[in-house]
Amino acid sequence: VSYDDPSVRATYGHAFDMVPTDTYDCTYQYDGADDTQFLLSEDVHSAKVACVYESQHDETIEAVSTFYMNDAGGTYTAQVYLNPTSKDNPQTGTLKATETGTFPCDGYYTTHLKNPVFVKKGEKFSVVYTITIPSTDNGGVIFMGAYDESYYPFEVINDCEYGQGYSFDNDGWVDWAGIEGGASPRV
């Protein structure tokens, strides 16, 4: 089958470029559930999503996020804040790193920090992404998340708590733990 075949062009395919498992010492995430849902910010060109983590030991954060971008040519701004001061706003605290870039194609991305951030054990840090896409032809900005869901014979439990994962809308930051079924963004 050729890539030009209409049956191939009408579906999505994915290829992954992985790094060795010892590339990073620690991975922080709340998205351990195997079921994935998409939170669509319909008809918007720009949206924000964030997660707040607590450091498990003294370490240096060298890269952040592995998120899905649904539109080639989009741009991102990734920010890392140390010790957020408000449970309602992950963009508080001390801004320690900012990275910007462009997505060459849709897919998953990890952002490497040019200026890594040192955190002490027990310190909280937040990772905030602002995504901007060139067009809403694909519906808008899409963020992946994990939700609680039951479907025979499976039950997916996503253990999330308030103060861990957020998205931003016209009214401010929305805590994803309050979304029906409990959710956590994949950041």
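These numbers come from a predicted model, not from an experiment.
- In this structure, Tyr166 OH and Asp88 CG are separated by 6.5 Å, a value rounded to the nearest 0.5 Å.
- When each of Val64, Val52, Val49 is tested with Val127 by the rule side-chain contact (heavy atoms from CB on, under 4.5 Å), just one qualifies, namely Val64.
- Donor-acceptor pairing under 3.5 Å is lacking for the side chains of Thr132 and Tyr76.
- Side chains of Glu59 and Asp25 form no contact here, defined as non-hydrogen atoms less than 4.5 Å apart.
- To the nearest 0.5 Å, atom NE2 of residue His112 and atom OG1 of residue Thr23 are 8.5 Å apart.
- The backbone N or O of Lys96 lies less than 3.5 Å from no partner atom in the side chain of Thr94, so there is not a single donor-acceptor pair.
- Between Thr98 and Thr77 the shortest side-chain heavy-atom distance falls below 4.5 Å.
- A single hydrophobic cluster is seen to contain both Leu95 and Val128, as judged by linkage of ILVMFWY side chains at heavy-atom distances under 4.5 Å, directly or through other members.
- Residues Lys48 and Gln91 have side chains that bring a donor and an acceptor to within less than 3.5 angstrom of each other.
- Within the 4.5 Å cutoff, the side chain of Ser126 has heavy atoms near those of the Pro84 side chain.
- Counting only heavy atoms from C-beta outward, the side chains of Ile61 and Val119 approach each other to under 4.5 Å.
- Once rounded to the nearest 0.5 Å, the distance linking NZ of Lys124 with CG of Leu82 reads 12.5 Å.
- Residues Gln79 and Tyr129 have side chains not in contact (no heavy-atom distance under 4.5 Å, counting atoms from C-beta outward).
- You'll find the side chain of Thr110 reaches within 4.5 Å of the side chain of Tyr24, heavy atoms only.
- Note that CD of Glu123 is 8.5 Å distant from CG of Asp58, once rounded to the nearest 0.5 Å.
- What you find for Ala78 and Thr111 is that their closest heavy atoms are CB-CG2, 4.2 Å.
- Between Phe125 and Tyr53, the ring planes lie tilted relative to each other; the angle falls in the 30° to 60° range.
- Among all heavy-atom pairs drawn from Gln164 and Asp175, the shortest one is N-OD2, 4.5 Å.
- With rounding to the nearest 0.5 angstrom, the CG atom of Leu113 is 10.5 Å from the OG1 atom of Thr60.
- Distance check: Trp173 CH2 to Thr92 OG1 gives 10.0 Å after rounding to the nearest 0.5 Å.
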